[in-house]
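Numbers here simply count residues along the sequence, with the first being 1.
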Amino acid sequence: MTIVKSLLSRRAFTALAGAAVIATAMPVTSFAADVTIPIIVKDTTSFYWQIVLAGARKAGKDLGVNVPELGAQAESDINGQISILENAVAGKPAAVVISPTEFKALGKPIDEAAKSVPIIGIDSAADSKAFKSFLTTDNVQGGRIAADGLAAAIKEMTGKEEGEIVILTNLPGVGSLEQRREGFLDQIKTKHPGLKVIADKYGDGQATTGLNMMTDLITANPKLVGVFASNLILAQGVGQAIAENKLGDKIKVIGFDSDDKTVGFLKDGAIAGLVVQDPYRMGYDGIKTALAVSKGEKVEANVDTGANLVTKANMADPKIDALLNPKIK
């Protein structure tokens with residue numbers, strides 16, 4: 001991860017981003033550069049995506065590239081992202097970096113965009129073979145990591161890998177989330193058969209929905225011992241439900257991604273672990289790769305940017321701390 005001169009706290013950065021951004025389809029930063037490579041994320045208001053944008057911004061400064069920071073204000077705004085992509089391509093940039101909001105819906109728009117400019121994908125897949133390169137976490141492996149982490153937390157709590165568990169997915173049809181779900185369910189079935197999945201539910205992209213879903217599951221399933229919340233938004237809602245009901249010592253939760261709130265839940269025991277990606281690297285290397293492609297250079301078709309399980313026991317390790325507290329200018 002690139003070292004920069006100053007470190008903003010998560011709260012300060014979020015405030016800065018909120019104040020400086022968040023026009024749906026207007027660039028946040030402007031540079032006097034001949035080369036323009038827009039980056040389009042799923043949700044400009046989320047801390048995770050702000051970290052992706054920060055990495056892209058730093059790459060733009062390092063490489064002398066103009067990087068408009070684009071995106072809708074909710075991951076559920078699929079049509080909004082399609083319009084942003086179309087508008088970005090109309091500006092005839094050197095390339096476009098995008099994290100598709102939905103696998104099926106973004107397939108044809110990306111195919112069409114790729115007829116005009118090189119497209120680099122990050123984080124989530126789309127139903128398209130037009131990407132020049134794709135940089136992402138191995139989300140199937142991320143789901144497996146979550147399953148192993150949940151099994152270990154339950155065994156530490158009860159002395160055995162047995163009991164009722166649930167999986168909660170933020171939205172249906174999102175490539176990265178479906179892959180995490182697939183990896184989790186397969187790992188539970190093959191490696192941890194004593195754990196029984198009693199509910200496999202989808203949310204609507206809102207943390208409050210995650211809170212309500214988890215509250216209902218707690219009431220309806222008194223034998224519940226574990227939960228996998230497969231993205232940051234759901235982890236926020238699930239962690240809040242566990243904290244409010246003081247069930248951290250009875251129900252173990254593994255979330256995905258991190259922010260102040262989920263790290264706080266991890267410290268307090270409401271969440272047992274977080275599978276953490278490297279969003280800063282996705283943003284930085286996405287722009288770097290797009291620039292290389294625009295110059296006709298050869299790039300890797302697929303790049304795994306990695307994932308790690310963070311627990312209270314290892315969160316102070318330098319490598320993990322760098323992922324939880326990315327250095328952002």
Side-chain angles (χ1 to χ4, degrees), residues 1-4 7 10 13 46-52 54-55 99 122-125 134-156 167-170 175-188 191-192 226-236 238-239 252-286 300 302-328:
M1 189 176 289
T2 305
I3 303 299
V4 295
L7 172 62
R10 291 171 181 273
F13 175 68
S46 163
F47 182 75
Y48 176 86
W49 294 110
Q50 289 168 10
I51 298 299
V52 172
S99 178
I122 59 171
D123 185 78
S124 292
F134 196 78
L135 299 88
T136 184
T137 303
D138 181 340
N139 282 291
V140 173
Q141 178 61 16
R144 294 191 186 109
I145 291 170
D148 291 343
L150 185 58
I154 291 170
K155 185 174 181 179
E156 183 179 355
I167 177 171
L168 303 179
T169 302
N170 192 41
S176 59
L177 301 186
E178 294 297 345
Q179 290 166 358
R180 293 171 197 172
R181 176 180 172 275
E182 173 192 338
F184 179 84
L185 292 173
D186 181 68
Q187 192 78 346
I188 291 295
K191 301 294 184 181
H192 311 290
V227 183
F228 174 39
S230 69
N231 88 328
L232 178 61
I233 293 171
L234 272 184
Q236 291 171 343
V238 170
K252 296 302 176 181
V253 177
I254 301 295
F256 218 101
D257 298 325
S258 67
D259 66 353
D260 275 346
K261 191 168 187 178
T262 53
V263 170
F265 288 145
L266 184 65
K267 291 177 180 177
D268 295 341
I271 287 179
L274 297 167
V275 181
V276 177
Q277 306 177 81
D278 194 342
Y280 191 93
R281 179 185 171 191
M282 280 188 207
Y284 191 98
D285 286 0
E300 294 290 332
N302 293 282
V303 178
D304 179 7
T305 54
N308 295 270
L309 179 66
V310 180
T311 65
K312 193 173 182 179
N314 72 1
M315 64 189 301
D317 292 352
K319 177 184 176 182
I320 300 299
D321 182 69
L323 294 173
L324 294 177
N325 300 288
K327 295 178 174 63
I328 302 166

Quiz prompt | Over all atoms of both residues, closest heavy-atom pair of I254 and V275 | solution = CG2-CG2, 4.1 Å

Self-check item: Residues D304 and Q141: side-chain donor-acceptor under 3.5 angstrom
Solution: no

Practice problem: For V276 and I320, run side chain to side chain contact (heavy atoms under 4.5 Å, CB included): C-alpha distance rounded to whole Å, both residues' side-chain angles, the deciding distance at 0.1 Å, then the answer. | Solution: CA-CA 9 Å; V276 177; I320 300 299; over 6 Å; no

Self-check item: Distance-only polar pair, side chains of Y284 and D278, donor-acceptor under 3.5 Å
Solution: no

Quiz item: How long is the span from the CZ atom in F228 to the CG atom in L150, to the nearest 0.5 Å?
Solution: 9.0 Å

Self-check item: Minimum heavy-atom distance D257-T262, with the two atoms named
Solution: O-OG1, 4.1 Å

Quiz prompt | CG-CG distance between L323 and L274, expressed to the nearest 0.5 angstrom | solution = 11.5 Å

Exercise. Measure from NZ or CZ of R144 to the centre of the six-membered ring of F184, then state whether that distance is under 6.0 Å and the direction lies within 45° of the axis.
Key: no

Exercise. Indicate the atoms forming the closest heavy-atom contact of A151 with H192, along with that distance.
Key: CB-ND1, 3.4 Å

Quiz item: Picking from V52, T136, D285, what satisfies side-chain contact (heavy atoms from CB on, under 4.5 Å) with I122?
Solution: V52

Quiz item: Would F265 and D260 count as a side chain to side chain contact (heavy atoms under 4.5 Å, CB included) if you check the C-alpha gap in whole Å, the side-chain angles of each, and the deciding distance to 0.1 Å?
Solution: CA-CA 9 Å; F265 288 145; D260 275 346; over 6 Å; no

Quiz prompt | Side-chain donor/acceptor of N139 to backbone N/O of G142, under 3.5 Å | solution = no

Quiz item: S258 and F47: which non-hydrogen atoms are nearest, and at how many Å?
Solution: O-CD2, 3.8 Å

Quiz item: Tell me, do T137 and Q179 make a side-chain contact under 4.5 Å, heavy atoms counted?
Solution: no

Exercise. List the steps and the verdict of side chain to side chain contact (heavy atoms under 4.5 Å, CB included) for K252 and V227.
Key: CA-CA 6 Å; K252 296 302 176 181; V227 183; over 6 Å; no

Exercise. Considering non-hydrogen atoms only, spot the tightest contact between S124 and S99 and give its length.
Key: N-OG, 3.8 Å

Quiz item: Say you draw a straight line from CG of L168 to CG of L234; how long is it, rounded to the nearest 0.5 Å?
Solution: 6.0 Å

Quiz prompt | From I271 atom CD1 to K261 atom NZ, the distance as rounded to the nearest 0.5 Å | solution = 10.0 Å

Practice problem: Could you walk me through whether T305 and Q277 pass the side chain to side chain contact (heavy atoms under 4.5 Å, CB included) test, one step at a time? | Solution: CA-CA 7 Å; T305 54; Q277 306 177 81; 5.7 Å; no

Quiz item: Within the distance-only criterion (no hydrogens, no angle test), does the side chain of D148 pair as donor or acceptor with the backbone N or O of A146 below 3.5 angstrom?
Solution: no

Quiz prompt | Spacing of R180 atom CZ and S176 atom OG [to the nearest 0.5 Å] | solution = 4.5 Å

Quiz item: Does any non-hydrogen side-chain atom of D259 lie less than 4.5 Å from one of Q236?
Solution: yes

Practice problem: For V238 and A229, work out which heavy atoms get closest and say how close. | Solution: CG2-CB, 4.1 Å

Quiz prompt | Inter-residue atom distance I145.CD1 - D138.CG, 0.5 Å rounding | solution = 8.0 Å

